[in-house]
Amino acid sequence: KQSGHDRVTAAAEPVVLPPVVESRQGDIVVMEDYSPAGDGLAHFKAALAQSGSRVVRVAVLGDSYIEGDIFTQNVREQLQDVYGGSGVGYVNMYSEFPGFRRSVRQSGSGWDVHTVSAGNCRSSLVSLSEQYSTPSGNATATYKGVSKYRHLDAWEVSRCVFVSSGASRLTTKTGGDSVVVHEVEASTRAQCITVPGTTSAFTVKSSDKSLAAIGVWLDGVTGISVDCMSSRGYSGVTLSKVSKELSESMREFIDYDLIVLEFGINAMSASQTNYSSYSRLMVKVINHLKECYPRADIIVMGIGDRGQKSLSLIHIS
């Protein structure tokens with residue numbers, strides 16, 4: 001289900017919904033368009049028509065349902081089959097369980113990870129991923145292509161996006177190329193190091209604590225890119241903390257044509273039947289994301305099933 005371009009408002013009076021549609025048409029699952037004009041994906045459709053000349057960017061924001069690129073890795077593969085493109089898109093700087101994600105080989109050390117859930121984030125550095133990393137010493141992050149999924153064995157552009165509160169130094173290396181040292185000036189705005197050239201490996205290193213690394217993006221020069229940004233245990237409401245100023249400066253390098261929200265299961269419980277408070281908070285989130293990324297269409301995925309264990313006692317006489 002998707003929100004369209006107009007500002008979303010909480011229902012103050014009964015709303016007449018569109019006629020019910022069959023949820024499936026053969027192998028295709030039909031999405032319901034609740035935008036007032038019925039043109040909720042107009043921008044994304046127009047962007048897809050330009051996929052031969054630029055990168056069409058999709059961000060999928062969700063909870064553990066998509067952790068490790070589950071679900072999104074298949075969506076990315078099929079979209080790149082049709083519209084072209086290469087690379088896994090966004091990857092964070094450090095993962096405690098890098099082998100869990102099969103769509104990229106990630107390794108590294110020396111990073112302190114700051115997340116919204118841990119409460120150790122500076123508000124000005126909260127992006128869509130809701131995390132960033134700072135060097136705790138000689139920090140390094142390496143990414144390598146994989147062949148488990150199509151289009152991920154190599155990519156054409158490697159990017160590292162960061163904010164540096166002081167002058168700092170960052171080094172990059174792609175494939176067999178020599179290390180390149182980048183002198184970075186202090187700025188409150190997002191900065192991006194872009195390394196062009198087809199490669200199957202990318203390494204970033206820094207030891208400057210003034211550097212806050214938002215992440216890396218491994219993409220093609222055209223086609224489609226699908227970013228998986230999962231936050232385990234989140235309900236989605238903390239996305240209202242995404243910095244509009246950071247998003248505005250990041251749009252110069254990374255802008256989105258479509259944002260998909262996959263949340264809700266962590267707000268559910270067997271005893272709760274009224275979710276109006278949660279829906280109001282998510283309306284706030286959607287409107288905030290529209291301000292952060294005004295070009296992006298927004299799709300809201302329906303909530304999946306959630307199982308619950310129960311203990312049954314059997315009395316045997």
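Numbers here are sequence positions counted from 1. Since the structure is predicted, the reported quantities are computational estimates derived from the model, not experimental observations.
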Nearest atoms (heavy-atom pairs only) where [X] meets [Y]:
X: A213; Y: M93; answer: CB-CG, 3.5 Å
X: A186; Y: A167; answer: CB-N, 3.8 Å
X: S129; Y: S231; answer: O-OG, 3.9 Å
X: L128; Y: A59; answer: CD1-CB, 4.3 Å
X: Y275; Y: M268; answer: OH-CA, 3.5 Å
X: A190; Y: V161; answer: CB-CG1, 4.4 Å

Donor-acceptor side-chain pairing of [X] and [Y] below 3.5 angstrom:
X: T142; Y: T203; answer: yes
X: Q191; Y: S164; answer: no
X: Y34; Y: E32; answer: yes
X: D227; Y: Y256; answer: yes
X: Y149; Y: E77; answer: no
X: S103; Y: R101; answer: yes
X: D33; Y: S35; answer: yes
X: T134; Y: H114; answer: yes
X: S127; Y: Y132; answer: no

Neighbour count above 12 (heavy atom, 6.0 Å) for [X] [atom1]:
X: Y278; atom1: OH; answer: yes
X: E185; atom1: CD; answer: no
X: K284; atom1: NZ; answer: no
X: Q272; atom1: CD; answer: yes
X: R251; atom1: CZ; answer: yes
X: R54; atom1: CZ; answer: yes

Heavy-atom side-chain contact between [X] and [Y] under 4.5 Å:
X: I259; Y: D297; value: no
X: Y234; Y: L239; value: no
X: R295; Y: D257; value: yes
X: L41; Y: M31; value: yes
X: E130; Y: L61; value: no
X: T222; Y: V55; value: no

So, [X] side chain and [Y] main chain: donor-acceptor pair closer than 3.5 Å or not?
X: K241; Y: V116; result: no
X: T115; Y: A118; result: yes
X: Y94; Y: T140; result: no
X: R76; Y: H151; result: no
X: K173; Y: G175; result: yes
X: S136; Y: G110; result: yes
X: S247; Y: C292; result: no

Do the charged groups of [X] and [Y] touch, with an N to O distance under 4.0 Å?
X: R232; Y: D63; value: no
X: D69; Y: R102; value: no
X: D219; Y: R57; value: yes

Look at the side-chain heavy atoms of Ile, Leu, Val, Met, Phe, Trp and Tyr, link any pair under 4.5 Å apart, and say whether [X] and [Y] land in one connected group.
X: V157; Y: V104; result: no
X: V163; Y: W217; result: yes
X: I299; Y: V82; result: yes
X: L79; Y: V221; result: no
X: W155; Y: F253; result: no

Quiz item: Can you check side chain to side chain contact (heavy atoms under 4.5 Å, CB included) on S276 and R280, steps first, answer last?
Solution: CA-CA 6 Å; S276 58; R280 285 194 292 269; 3.9 Å; yes

Self-check item: Identified side-chain hydrogen bond (donor to acceptor under 3.5 Å, both in side chains) partner of T172 from the options R159, H182, K205
Solution: H182

Practice problem: Could you walk me through whether V216 and V204 pass the side chain to side chain contact (heavy atoms under 4.5 Å, CB included) test, one step at a time? | Solution: CA-CA 9 Å; V216 303; V204 179; 4.2 Å; yes

Exercise. In sequence, state the C-alpha distance, the side-chain angles, and the governing distance for M229 and V60, and then conclude on side chain to side chain contact (heavy atoms under 4.5 Å, CB included).
Key: CA-CA 6 Å; M229 297 178 173; V60 184; over 6 Å; no

Quiz item: For E156, what residues pass the side chain to side chain donor-acceptor pair (under 3.5 Å) criterion, not counting sequence neighbours?
Solution: none

